[in-house]
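Counting from 1, the numbers follow the sequence of the chain as shown.
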Amino acid sequence: MERPPFSEQLTVAEFRRHYWYKAELAGICKSIGLSPQGTKAEMQQRVEGFLSGETVADARESHTRIRKKASPREITPQTRLIPEGFKFNRQAREFFARYYGKERFSFTKEMATALREAERTGNLEMTVADLIRVYEGKTDAPAAASSEEATYQWNRFVRDFNADPATRGIKDRMKTAALLWKRVRDDPGWSKTYSTTYLADLLPASELDKKDEPDPS
């Protein structure tokens, strides 16, 4: 089943049945008068709200503006993320490095997701201490995390494709992965998780561009 072009007449079920790239969702949002800002999951939520006739309030955008306008003089565990202007910058990196007694500190995806979720839900009481708990895994990941994770299926598909020993003899693996992905992306009957059986099931032998020599690796 080929993926249909976006139409305002699509149902939410039809829209969800297919995979949409982030750039495509941004274009769709612009075309129907919605904000093209934010994560892929947030844009998808806006489009689904539009198709269902609901108005999806973009609370996150206003809370992001509040946070970016403010700037904490000093970061402590009690610093509130949104009202006091917490940012993932050098000041915050130095605070966490001191807190954990490390020479260098790296922020995690879970920390960024937690901050975005606080902006989306308007949680003005979330503090740096809450981020510390997220970093240490002492709190459940925000509900938005699973939604965001589901939107990056293409990246995982390519990673698993490249890790499959059966693909090592293919000359242009990225081209082949893209061909496979297009077929599973546009057909709701196929799982979006790569399987080595896809090589035989979805690609004729004529489309497999094999190397002349075995892959020495």
Where do [X] and [Y] come nearest, in terms of heavy atoms and distance?
| X | Y | result |
| --- | --- | --- |
| A26 | P36 | O-CB, 3.7 Å |
| G49 | S52 | O-OG, 3.0 Å |
| P4 | H18 | CD-NE2, 3.4 Å |
| G85 | P72 | O-CD, 3.2 Å |
| S191 | V184 | O-CB, 3.9 Å |
| Y99 | P77 | CE1-CG, 4.4 Å |

Q: Report the C-alpha separation of M111 and F96 in whole Å, then their side-chain angles, then the decisive distance to 0.1 Å, and conclude whether the side-chain contact (heavy atoms from CB on, under 4.5 Å) test is met.
A: CA-CA 12 Å; M111 294 170 75; F96 281 101; 3.8 Å; yes
Q) Roughly how far apart are L115 CG and H63 NE2, rounded to 0.5 Å? A) 12.0 Å
Has the side chain of [X] got a donor or acceptor atom that lies under 3.5 Å from a matching backbone atom of [Y]?
| X | Y | result |
| --- | --- | --- |
| E42 | T39 | yes |
| D130 | T127 | yes |
| R93 | F105 | yes |
| E117 | A114 | no |
| R46 | S35 | yes |
| K171 | G169 | no |
| K40 | W20 | yes |
| T79 | I75 | no |
| E14 | T11 | yes |
| K87 | A70 | yes |

Q.
Does K30 have more than 12 heavy atoms from other residues, nucleotides or ligands lying within 6.0 Å of its NZ?
A.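 Counting neighbours around NZ of K30, 12 or fewer heavy atoms of other residues, nucleotides or ligands fall under 6.0 Å, so no.
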Q | Ring centre gap for F107 and Y135 strictly below 6.0 Å | A |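 That pair fails the under 6.0 Å test.
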Q.
Tell me if the centroids of the rings in Y19 and W181 come within less than 6.0 Å of each other.
A. yes
Q | Exercise: do T167 and R173 side chains pair donor with acceptor under 3.5 Å | A |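 A donor-acceptor contact under 3.5 Å links the two side chains.
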Q: Could you please spell out the steps behind the side-chain contact (heavy atoms from CB on, under 4.5 Å) verdict for L180 and W190?
A: CA-CA 11 Å; L180 278 176; W190 290 96; over 6 Å; no
